[in-house]
Amino acid sequence: MADTVQRPSTADLRSLGGLALAAADRHSGDAMRAPGRTAITYADFGRAIREIAGGLAALGVEQGDPVGILSGTIPEWTIADFGAFCAGAVVVPVYHTNSPEECQYVLDHSGTKVLLLEDAEQAAKIAAVRDRLPGLEHVVVLRGEAEGAITLADLRARGAETGDRIARERTEAITPEDTATIVYTSGTTGPPKGCVLSHANLLYTAGAYIDRLELRAKPPVIFQYLPLAHVLARMVSFVCLEVGGTLTFWGGDTKNLAADIAEAQPTHIPTVPRLLEKIMTRVISTAEGAGGIKAAIFKRALSTGEAVAKAEREGRSVNPLTKLQASIGHKLALSKVKNALGPNDPVLITGAAPIGAEVIEFFYACGVPVLEGYGLTESCAAATLNTLTEVRVGSVGRPLAGVEVALGEDGEILIRGPLVFKGYHRNQEATDAVIDADGWLHTGDLGEIVDGYVHITGRKKDLIITSSGKNVSPEMLESALRETRWISQAIAAGDRRSYLVALVTLDPDEAPKLAEELGVSADPETMARDPKVRERIWQDIDAVNQRFARIEQIKRFAILPRDLSQEEGELTPTLKVKRSVVYRKYEHDVAALYEDAATE
């Protein structure tokens with residue numbers, strides 16, 4: 001199936017640098033804002049990217065040279081990105097949470113010549129592995145100073161006189177099929193692979209997003225907190241600046257995330273499922289904890305709100321009395337969720353990992369639309385996307401304009417179109433394994449297509465094949481477990497076994513409340529072993545089990561002594577579980593669950 005709507009409006013642009021230069025000249029007002037910082041206007045943005053282009057050229061960067069960026073989500077990241085594009089460079093993003101060794105791998109494998117990094121802390125990482133990076137000629141620090149690094153001010157000063165000419169000449173010399181960026185996948189298995197994306201790939205996708213979400217009607221204000229080394233966050237910046245919107249950045253502290261959103265007053269918030277799950281869990285647990293009439297009002301308001309929102313999405317009429325009840329319930333119990341996101345009625349856009357339909361229904365009941373999309377780094381992020389007017393909760397939407405989606409014989413989702421990447425950097429074998437002779441990208445995900453809407457049912461490599469030969473996709477079960485109040489992460493296991501077991505972690509924010517409620521120690525390791533805690537967690541697991549077929553249900557479980565983390569290599573920067581790492585680390589815990597059962 002394919003969406004055959006006309007080519008997106010950005011399809012005639014030649015390069016991302018050209019997009020940025022034209023946007024800076026065409027638009028006015030604020031291009032970027034961040035808490036506690038002076039706003040960056042479009043004029044400021046245009047001047048900065050030209051000077052950076054000139055500065056990089058002065059450092060010896062030629063057309064097509066790799067330039068790396070290692071930084072958290074700050075305005076300077078986006079400015080550096082476009083400045084490098086204007087120098088004709090190939091941008092290599094590096095996750096700011098990477099270890100020194102992980103940074104070294106990406107920079108060495110890509111052949112990065114100049115690295116722009118955030119601050120002295122990131123500079124220290126590179127200093128630790130600099131002797132293994134013979135191709136790295138210069139380091140530029142974006143904020144403050146760092147030993148052995150050029151400051152951003154110095155870089156811009158070097159390009160002040162030549163920047164305009166350099167940017168103009170080099171962006172004009174770029175062809176759409178030239179490589180724009182090499183994005184290294186966060187890698188749930190094995191070392192990351194460098195996805196080579198062209199200017200044409202990214203420009204086409206940006207235009208398709210703009211048209212699908214009708215973003216030219218009114219300049220958006222888009223909240224930016226996702227890591228910019230991830231292709232979706234960068235697509236957000238391409239889209240926003242092309243249409244004259246404002247990127248509003250967070251301050252970098254998760255404790256202040258809610259306050260940053262309120263200050264930003266966004267119209268759109270790209271996010272990950274885990275944040276939405278935590279918000280829903282927190283709201284529901286707070287309401288239930290209030291008890292009595294407040295809990296009853298909330299429960300009724302949520303039920304009525306979900307029913308009305310679903311009817312309205314499906315174009316069905318709603319009984320006036322029910323609509324009135326929903327309105328009253330919203331004011332009494334649900335409005336705080338919507339109000340916390342600011343006055344501009346923001347749309348939440350999510351993807352990157354499975355999310356339960358119950359989570360999305362919750363937000364719709366609160367008056368906050370959630371649009372789920374689907375894609376990979378190899379498809380420039382989302383290749384399918386729900387919209388406000390065309391949405392099926394539980395699906396990831398219809399394909400973008402000009403994109404084909406089909407199913408392989410085994411149910412694997414295949415994608416073909418202008419947004420499919422050029423291949424993996426220096427890895428033709430891996431490229432040939434995912435792009436077939438007909439140009440189809442084999443995603444590795446399993447799915448269904450119903451009335452043109454794509455539904456994800458699992459991932460091929462994550463399939464659990466039981467001893468009876470049954471195939472089980474654990475993702476939706478795990479997602480449902482994460483929606484419960486006390487569980488943070490859940491990883492099912494059971495390959496070649498007769499039933500499934502699970503490793504779960506306690507939510508660090510909620511665990512102390514559980515300890516107080518049960519009258520037990522709040523020490524995480526002690527809680528993991530406590531019979532009262534285990535009994536309460538089993539109640540949640542058992543309730544979730546009732547929503548799944550018998551073969552998919554969890555029969556036994558273990559509570560791990562701490563939550564999973566990026567620092568321990570168990571989560572990707574986008575908070576996806578590295579299943580193979582967890583299985584390897586906790587293989588004895590999994591084995592014990594089956595051994596204990598055998599002795600009972």
Side-chain angles (χ1 to χ4, degrees), residues 32-37 70-78 93-99 118-119 121-122 125 143 186 221-230 232-234 236-237 247-266 268-286 336-337 339-342 346 348-353 355 359 362-363 368 370 479 482-489 505-514 522 524 562-578:
M32 304 177 205
R33 294 197 296 263
R37 303 185 60 182
L70 169 61
S71 170
T73 303
I74 58 175
E76 287 85 356
W77 205 116
T78 299
V94 186
Y95 281 102
H96 69 290
T97 53
N98 277 5
S99 67
E118 182 172 358
D119 53 22
E121 180 181 352
Q122 298 293 346
K125 286 185 188 178
R143 301 183 70 175
S186 51
V221 177
I222 305 183
F223 188 70
Q224 189 77 298
Y225 86 99
L226 298 177
L228 278 158
H230 191 276
L232 175 60
R234 288 173 79 202
V236 167
S237 66
L247 289 167
T248 55
F249 291 76
W250 74 319
D253 187 342
T254 54
K255 294 179 181 178
N256 298 328
L257 183 60
D260 289 344
I261 292 173
E263 179 183 333
Q265 300 187 4
H268 297 77
I269 305 176
T271 187
V272 291
R274 187 67 189 120
L275 178 65
L276 303 185
E277 291 166 353
K278 288 181 74 71
I279 291 172
M280 184 189 78
T281 299
R282 186 73 53 83
V283 171
I284 291 176
S285 64
T286 300
K336 287 184 179 179
V337 174
N339 293 343
L341 300 177
L348 304 182
I349 301 171
T350 190
I355 183 171
V359 180
F362 166 82
F363 279 93
V368 181
V370 177
S479 176
R482 290 196 304 270
E483 293 166 21
T484 61
R485 180 175 183 181
W486 312 116
I487 294 175
S488 175
Q489 296 289 352
T505 67
L506 299 178
D507 188 313
D509 296 324
E510 296 291 329
K513 301 172 189 175
L514 177 60
R562 60 170 177 81
D563 205 3
L564 304 183
S565 71
Q566 289 178 246
E567 291 75 18
E568 295 295 330
E570 299 147 344
L571 299 177
T572 73
T574 52
L575 305 184
K576 288 184 284 191
V577 173
K578 294 185 177 181

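Sequence positions, counted from 1, serve as the residue numbers for this chain.
- Distance check, rounded to the nearest 0.5 Å: CG of L228 to OG1 of T78 gives 4.5 Å.
- A side-chain donor-acceptor contact under 3.5 Å links E118 to the backbone of G72.
- With rounding to the nearest 0.5 Å, the separation of CG in L348 from CD1 in I279 is 7.5 Å.
- The CG atom of L275 lies 6.0 Å from the CG atom of L257; values are rounded to the nearest 0.5 Å.
- Judged by distance alone, the side chain of K125 and the main-chain N or O of N98 form a donor-acceptor pair under 3.5 Å.
- Residues forming a side-chain contact (heavy atoms from CB on, under 4.5 Å) with S565 (at least two apart in sequence, or on another chain): R562, E567, E568, E570.
- How far CZ of R274 is from CD1 of I355: 10.5 Å, rounded to the nearest 0.5 Å.
- Considering every non-hydrogen atom in both P75 and A34, the closest pair reads CG-CB, 4.1 Å.
- The closest side-chain heavy-atom distance from F362 to V370 is not below 4.5 Å.
- S285 has its side chain within reach of E510: a pair of non-hydrogen atoms, C-beta onward, lies under 4.5 Å apart.
- Within the 3.5 Å criterion, the main-chain N or O of L506 finds no donor-acceptor partner in the side chain of S488.
- Scanning all heavy atoms of the two residues, the minimum distance from V221 to A264 falls at CG1-O, 3.8 Å.
- Smallest separation of non-hydrogen atoms from L226 and A233: O-CB, 3.9 Å.
- Separation of atoms CD (E121) and CZ (R143) is listed at 12.5 Å; rounding is to 0.5 Å.
- Residues Q566 and L575 come closest through the heavy atom pair OE1-CD2, 4.0 Å.
- Contact between S479 and E277 at its shortest, heavy atoms only, is OG-OE2, 3.6 Å.
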- Query: Yes or no on side-chain hydrogen bond (donor to acceptor under 3.5 Å, both in side chains) for T271 and Y225, after CA distance, side-chain angles and deciding distance?
  - Reply: CA-CA 8 Å; T271 187; Y225 86 99; 2.6 Å; yes
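- Residues T248 and E263 are not in side-chain contact: their nearest non-hydrogen atoms beyond the backbone lie 4.5 Å or more apart.
- Looking at D119, its side chain does come within 3.5 Å of a backbone N or O of Q122 through a donor-acceptor pair.
- The CG atom of L70 sits 10.0 Å away from the CH2 atom of W77 when rounded to the nearest 0.5 Å.
- Between I269 and I349, every side-chain heavy-atom pair lies at or beyond the 4.5 Å cut-off.
- Counting all heavy atoms, side chain and backbone alike, L341 lies closest to P266 at O-CD, 3.8 Å.
- Not one N or O on the side chain of Q224 forms a donor-acceptor pair closer than 3.5 Å with the backbone of T73.
- Looking only at distances, no side-chain donor or acceptor of T281 sits under 3.5 Å from a matching main-chain atom of R485.
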